[in-house]
Amino acid sequence: MPSVRGTAPVGDPAFAALKARLVARTGHHYYADKDDLLWERVGRRMRARGVPDPAGYLVLLENSEAEWAALESEITIGETFFFRYAEQFAALRGTILPERIAARGSERRLRIWSAGCSTGPETHSVGIVLHELLGERLPDWRIALTGTDINRDVLAVARRAVYGTWALRTLGAEERARYFRPGPREGTFALRPEFRGLARFEPQNLMSLIDGTASLALTDYDLILCRNVLIYFHPDVVQALVRALAQRLRPGGWLLLGHAEPNPAFAEFLEPVSLPGTAAYRRPEDGGIPDMSPPPALPEPVPDWAPLLPPMPPAPSPPPPRPLPAKPVPARVATSRPTDTPLATVRALADAGDLEASWQACRAALGRDPTDPRLRYYEGLLARARARPDEAERAFRGALYLDKGFVMAHYHLGLTLIAAGRAEAGRRAVANALRLAAALPAEAELPEGDGLTAAELSGAARPFLGGEAA
């Protein structure tokens, strides 16, 4: 059997056709310029099915919906973590959900959708916040909290709600004990039943929102979270998807996007809301959105590298904009991290749960720039996730050699040492992190802390110090 490893066969018309059909079906324009990464993932399925070449695999796909599902799972393998992006959850806890609870108090009903939920931490995190906000009132409310993803494998993980330390990496010991109990295997944690019971998980391809096949039940939401999902789609598809999401909000409902995803054009049909570190939009209270009829089915985007497929007709012209009050998207949202650097690639792959690809990307980037402390830091995080504590320690120490004030490197070095049984040295490293954080404003976000502030680090880190003061 010919090898399906190594460099993608970009000269093979069958590979071009396979890629085009995959992107058209899933909308994942992310792979348009990532032939080798796509080939690596397609190759896993080809090896599993004993298919020697792209042409044969195309034939298999045409005759097997189950294989399509398996391939979609392969290319969308993802894992996120609990309470990712601290400022978003501060906005949910302090503004968005209290406002929705007050607005819906007479009906005592909330509908929330976490789109592209992956293994479920975001959805479950929202459930935890709801549980804490409603308290004893929770049984009196009808909560529909739904997580959806195209990947059925990650949905199975979300339903089990059993996670490793990587998914809990921003939680302090007290929070971990409050929300989780020991899992079925050493080093795993099971979400407590009172939090787990709020969410349900269903398969859903977001492309169904614009091709007319989406369930009619996907409507009337108080809140939709669609964070770090749109980055995978072609810009033309993004515009149609956000309009479709807006139409599925109830008047006054909220839409949260990822930091890199806002677009001024969204203000044609949604009101941007200024909340610190959060890309937030609302459907106008009067319910007005241009063209509230079901959105027309868009032709599936066919990239110019797909000669075997017919050309797509021109997209329909967008409706005229609706004047809205001037409420610019917060500057902190607009000025997001660069997305085309080696470090951004390492972050994106790690956040998607593809630790092997992230590790390889990190090693390659360090080969080109061995003095970047951030790359050394991610090398340490990835080594920890791969159960390589010695390599993690060396990487964190390397990051600190290059930047002695790198708070998160001190912190994770400490966690690594404590986990290895070197408690005294680990506590010293954690104390160093606290000392450096204490010199910063309480609300200052820590570099590479995924939104963690200096004050929040203090709460997360102090349980590791026992009775010691930082």
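The structure displayed is predicted, hence computed values, not measured ones. Note that these values count all heavy atoms, side chains included, but never hydrogens, waters or copies made by symmetry.
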Is [Y] close to [X] at the side-chain level, that is, under 4.5 Å between some pair of heavy atoms?
X    : Y    : value
R192 : Y179 : no
L168 : F81  : no
L255 : Y221 : no
E67  : Y57  : yes
L130 : W141 : no
R84  : P121 : no
R100 : R111 : no
C226 : L256 : no

Within the side chain of [X], is there an N or O that forms a donor-acceptor pair under 3.5 Å with the backbone of [Y]?
X    : Y    : result
D149 : S118 : yes
S358 : V346 : yes
S125 : T123 : no
S64  : L61  : no
N63  : V59  : yes
T345 : T341 : yes

Taking the six-membered ring for Trp and the single ring otherwise, decide whether the centroids of [X] and [Y] are under 6.0 Å apart.
X    : Y    : answer
F201 : H124 : yes
F82  : F89  : no
Y163 : F189 : no

Verify the distance criterion only: is there a donor paired with an acceptor across the side chains of S114 and E122 at less than 3.5 Å? yes
side-chain contact (heavy atoms from CB on, under 4.5 Å) evaluation trace for W39 with M46: CA-CA 10 Å; W39 179 239; M46 291 172 62; 3.8 Å; yes
Straight-line distance of [X] [atom1] to [Y] [atom2], nearest 0.5 Å:
X    : Y    : atom1 : atom2 : value
W113 : L218 : CH2   : CG    : 4.5 Å
L38  : L18  : CG    : CG    : 7.0 Å
L92  : E87  : CG    : CD    : 12.0 Å
R160 : L191 : CZ    : CG    : 13.5 Å
L58  : R21  : CG    : CZ    : 5.0 Å
L60  : E62  : CG    : CD    : 9.5 Å

Taking all atoms of both residues into account, what is the closest heavy-atom pair of [X] and [Y], and its distance?
X    : Y    : value
P370 : L402 : O-CD1, 4.0 Å
I210 : L241 : CG2-N, 4.2 Å
P342 : A365 : CB-CB, 3.8 Å
F15  : D35  : CE2-OD1, 3.7 Å
G56  : V51  : C-CG1, 3.5 Å
A357 : L37  : CB-CD1, 4.4 Å

With salt bridge (Lys or Arg N to Asp or Glu O under 4.0 Å) as the test, would you mind laying out the steps for E379 and R394 before giving the verdict? CA-CA 9 Å; E379 180 188 24; R394 285 195 297 271; over 6 Å; no
Does the salt bridge (Lys or Arg N to Asp or Glu O under 4.0 Å) test come out yes or no for E107 and R104, once each step is laid out? CA-CA 5 Å; E107 300 169 80; R104 302 279 265 154; 2.9 Å; yes
Evaluate the criterion side-chain contact (heavy atoms from CB on, under 4.5 Å) for residue pair I112 and L225; output intermediate values, then yes/no. CA-CA 8 Å; I112 299 172; L225 302 100; 3.9 Å; yes
CA sep, side-chain torsions, deciding dist, call: R283, E271, salt bridge (Lys or Arg N to Asp or Glu O under 4.0 Å): CA-CA 6 Å; R283 179 171 170 175; E271 296 178 351; over 6 Å; no
Residues which pass side-chain hydrogen bond (donor to acceptor under 3.5 Å, both in side chains) with D372, listed by chain and number, not counting sequence neighbours: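 R374.
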Applying side chain to side chain contact (heavy atoms under 4.5 Å, CB included) to A55 and not counting sequence neighbours gives A14, D53
Flag if over 12 foreign heavy atoms under 6.0 Å of CZ, R181: no
Where does the angle between the aromatic ring planes of F266 and Y281 fall among parallel (under 30°), tilted (30 to 60°) and perpendicular (over 60°)? perpendicular
Stepwise side-chain contact (heavy atoms from CB on, under 4.5 Å) test for W254 and L275: CA-CA 12 Å; W254 295 75; L275 293 172; 3.8 Å; yes
Evaluate the salt bridge (Lys or Arg N to Asp or Glu O under 4.0 Å) criterion for residues D220 and R248: first the C-alpha distance (whole Å), next the side-chain angles of each, then the deciding distance (0.1 Å), finally the verdict. CA-CA 6 Å; D220 200 36; R248 283 156 177 78; over 6 Å; no
Quick one: do F83 and E175 satisfy side-chain contact (heavy atoms from CB on, under 4.5 Å)? Show the steps, please. CA-CA 11 Å; F83 295 98; E175 291 174 308; 5.9 Å; no
Among D222, L134, L133, the one residue meeting side chain to side chain contact (heavy atoms under 4.5 Å, CB included) with L97: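 Going through the options one by one, the only one that passes is L133.
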